[in-house]
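Below: one structure, written as structure tokens.
This chain uses plain numbering: 1 for the first residue, then up along the sequence. Since the model is a prediction, treat every value here as computed from it, not as a measurement.
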Amino acid sequence: MIRYIIFRMFAAIPTLLLISVLIFFIIQLPPGDYFETYIAELQAQGETVDPNKIAYLKHEYGFDKPIIEQYGLWVLGMLHGDFGYSFEYEMPVTQVIGSRLYLTILISTVTIIFTWLVAFPIGIYSAVRQYSWGDYGLTFLGLLGLATPNFLLALILMYLANIWFGVSIGHLMDAKYLGQPMSWGKFWSIAEHMVIPVIVIGTSGTAAMIRRLRANLLDELQKQYVVTARAKGVPSLKALVKYPLRMALNFFIADIGGILPSVISGAVVVSIVLSLETTGPLLIRALQSQDMYLAGSFLMFLAALTVAGVLISDIALALLDPRIRLQAGRRK
């Protein structure tokens, strides 16, 4: 196991290096750069542009250098903890992302817990009570959750929350707490405003997880070892939990690789509709304005989380399922 972990950690280095090359050159593919977009926006508004200032900024941030050299400076900067400068927000990238990161992590973590707490018991019930009225009803609700667009559900819940409970529309807190230090009032305001995003973002994930858990558990319950255990008089709960449920949980663990980046990126469409101060809209805006250091650093951060998540997922699967064996290098 230790050998495998060390091997995977070293393998992550060329993986991330290759991803950084792809990210940097894909961001460079659209014609022009941030300064050309900025000049075009100012000219469209009838404002004048100082060409000497633009030339100075391009030289200052290395935009007049060959693209290979620009890439090298970007990667070396990241290795030293310098993720560059956001031209859109006129501050270092770490400050731009950091101001929204903790709210994004909070929402996504609560959403993941909500999804698992709801999906887990419903999926087990639907599998154990297959073709019962409860199974049909929950399956219908699951399909309804999958079919309803998140942005539509967000608008409906946002309207109802304002009419019934007086919660202000949009954002993650009341306007009076924006930019203020954390306090009990701000904490409760965030807690009130988190209910709708958590339900909206978690609904589709919960429905999908219920269906996957139900299908996997039904497959395990029909296998010979479960039939044999029941024939020998093993109690139903023990015959369910000891092996079939454990085997059906493999996909829960396998999802960890995708959960970590989703914790940071969040649901972009829902965040835009609800005007949430998360990192998802930030990335969209950075890509639109060609704010390359902000967009590139954000995508690299997601890639690093994906690589770490997949490693954690593989290790957890090996611990959970004895049929899975991890080996580094060639099999003998």
Side-chain angles (χ1 to χ4, degrees), residues 1-8 108-148 198-199 201-263 306 308-332:
M1 177 71 78
I2 295 175
R3 183 184 174 193
Y4 176 80
I5 295 173
I6 294 173
F7 171 77
R8 287 290 298 271
S108 300
T109 303
V110 175
T111 302
I112 291 169
I113 294 172
F114 167 82
T115 301
W116 284 17
L117 287 179
V118 174
F120 199 70
I122 292 178
I124 294 174
Y125 176 84
S126 293
V128 174
R129 304 294 182 190
Q130 188 184 19
Y131 303 137
S132 66
W133 283 105
D135 180 30
Y136 286 129
L138 293 170
T139 301
F140 173 75
L141 289 177
L143 292 173
L144 195 63
L146 283 173
T148 306
V198 167
I199 293 175
I201 299 172
T203 300
S204 59
T206 301
M209 195 164 286
I210 288 172
R211 292 177 60 80
R212 291 173 64 189
L213 178 60
R214 179 181 181 275
N216 280 293
L217 192 53
L218 281 175
D219 183 54
E220 290 295 329
L221 289 175
Q222 295 172 2
K223 290 186 176 177
Q224 188 61 44
Y225 72 93
V226 179
V227 177
T228 304
R230 287 174 175 168
K232 288 185 176 181
V234 176
S236 300
L237 182 61
K238 186 176 181 181
L240 170 68
V241 173
K242 192 170 183 180
Y243 293 113
L245 183 59
R246 188 176 171 185
M247 296 300 106
L249 286 179
N250 281 2
F251 77 91
F252 273 93
I253 306 301
D255 279 348
I256 293 176
I259 284 177
L260 284 179
S262 69
V263 164
T306 303
V310 171
L311 175 60
I312 294 172
S313 172
D314 288 347
I315 295 172
L317 280 174
L319 295 175
L320 178 70
D321 190 345
R323 296 172 298 181
I324 299 175
R325 291 287 180 266
L326 304 179
Q327 292 183 353
R330 189 173 58 185
R331 292 174 182 269
K332 292 181 180 179

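- For the residue pair Tyr136 and Tyr131, the shortest heavy atom distance occurs at CE1-O, 3.4 Å.
- Considering CG of Leu221 and CZ of Arg230, their distance stands at 5.5 Å, rounded to 0.5 Å.
- No side-chain heavy atom of Leu138 sits under 4.5 Å from any side-chain heavy atom of Arg214.
- Between Thr139 and Arg211, some side-chain heavy-atom pair lies under the 4.5 Å cut-off.
- The two residues Arg129 and Asp135 make their nearest non-hydrogen contact at O-CB, 3.3 Å.
- Counting heavy atoms from C-beta on, the side chains of Tyr225 and Glu220 come closer than 4.5 Å.
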Query raised in the report: So Ile201 and Phe114, side-chain contact (heavy atoms from CB on, under 4.5 Å) or not? Walk me through it.
Result: CA-CA 10 Å; Ile201 299 172; Phe114 167 82; over 6 Å; no

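- The shortest heavy-atom contact between Pro121 and Leu117 is CD-O, 3.0 Å.
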Query - Test log, rule side-chain contact (heavy atoms from CB on, under 4.5 Å), inputs Leu240 and Ile124 - result: CA-CA 9 Å; Leu240 170 68; Ile124 294 174; 4.1 Å; yes

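- Taking CZ from Phe120 and CE from Met209, the interatomic distance works out to 10.5 Å, rounded to the nearest 0.5 Å.
- Shown here for Pro244 and Val226, the closest heavy-atom pair between the two residues is CG-CG2, 3.5 Å.
- Counting only distance, with no hydrogens or angles, the side chain of Ser126 and the backbone of Ile122 share a donor-acceptor pair below 3.5 Å.
- Atom CG in Leu213 sits 12.0 Å away from atom OG1 in Thr206 (nearest 0.5 Å).
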